[in-house]
Amino acid sequence: MTEKNNLCPLRHLTSIFGGKWKLPIICILSSDNYLPKRYSVIKRKLGDITNVMLAKSLNELEDAKLVHREQYNEIPPRVEYSLTEQGKETLPFLSQAAQWAIDDLKRRKVNIFCGECVIID
């Protein structure tokens, strides 16, 4: 086991961005000029994600300081999510990774579709 002060950068990266849903969530939150998104909007845009997995992924991104959660004490309660400044700092890196993926998919002659992601625009 590694000590907290002695981490591999790639392991750290995968601990933050790993999983099926975190990168698509960041893409959704980066769209529409970074306007905050409600939980239901994120869920609808992701499609087949469960409530448990969406809540878990959002909590992990919040713990990583990439996503901000704002709760409004209204009836009914309203919660909105947005990228933090640190979250926005990841977008150039993610854009480069997305460009690599686009090039790879083109080499493989696979159709490309991503309806929400500003990173890929």
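Throughout, residue positions are numbered sequentially from 1 according to the sequence presented.
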Original post:
For Arg78, which residues count as a side-chain contact (heavy atoms from CB on, under 4.5 Å) partner, sequence neighbours excluded?
Top reply: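 For Arg78, the residues satisfying side-chain contact (heavy atoms from CB on, under 4.5 Å) (neighbours in sequence not counted) are Arg38, Tyr72, Glu74, Glu80.
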**OP:** Not counting sequence neighbours, which residues clear side-chain contact (heavy atoms from CB on, under 4.5 Å) with Ser82? List them please.
**Re:** Pro36, His68
Original post:
Quick check: are there more than 12 heavy atoms from other residues, nucleotides or ligands sitting under 6.0 Å from CZ of Arg107?
Top reply: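 Yes.
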Which heavy atom in [X] sits nearest to a heavy atom in [Y], and how many Å separate them?
{"X": "Leu61", "Y": "Ile25", "result": "CD1-CG2, 3.8 Å"}
{"X": "Thr84", "Y": "Val67", "result": "CG2-C, 3.7 Å"}
{"X": "Lys22", "Y": "Ile16", "result": "CD-O, 3.0 Å"}
{"X": "Asp32", "Y": "Lys37", "result": "OD2-CE, 3.6 Å"}

Minimum side-chain heavy-atom gap [X]-[Y] below 4.5 Å:
{"X": "Glu62", "Y": "Asn59", "value": "yes"}
{"X": "Tyr34", "Y": "Leu29", "value": "no"}
{"X": "Gln86", "Y": "Lys88", "value": "no"}
{"X": "Leu83", "Y": "Leu91", "value": "yes"}

What pairs of donor and acceptor atoms, side-chain ones from residues 49-58 against any protein atom, are under 3.5 angstrom apart with sequence neighbours left out?
{"unit_1": "Thr50", "atom_1": "OG1", "unit_2": "Met53", "atom_2": "N", "d": "3.1"}
{"unit_1": "Asn51", "atom_1": "OD1", "unit_2": "Tyr39", "atom_2": "OH", "d": "3.2"}
{"unit_1": "Lys56", "atom_1": "NZ", "unit_2": "Glu60", "atom_2": "OE2", "d": "2.7"}
{"unit_1": "Ser57", "atom_1": "OG", "unit_2": "Met53", "atom_2": "O", "d": "2.9"}

Subject >> Separation of Cys27 SG from Leu46 CG (nearest 0.5 Å) >> reply: 10.0 Å
Original post:
Can you tell me how far the OG1 atom of Thr90 sits from the CZ atom of Phe17, to the nearest 0.5 Å?
Top reply: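 The distance works out to 4.5 Å.
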**OP:** Flag yes if Phe93 and Leu10 sit in one hydrophobic cluster, no otherwise; membership is Ile, Leu, Val, Met, Phe, Trp, Tyr, and two members link when side-chain heavy atoms are under 4.5 Å apart.
**Re:**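 Same cluster: Phe93 reaches Leu10 through Ile, Leu, Val, Met, Phe, Trp or Tyr contacts under 4.5 Å.
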Original post:
So if you build clusters from Ile, Leu, Val, Met, Phe, Trp, Tyr with side-chain heavy-atom gaps below 4.5 Å, do Tyr81 and Val41 land together?
Top reply: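 Per the 4.5 Å side-chain linkage, Tyr81 and Val41 are not co-clustered.
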**OP:** Please determine if Lys106 and Asp103 form a salt bridge, counting it only when a charged side-chain N lies under 4.0 Å from a carboxylate O.
**Re:** no
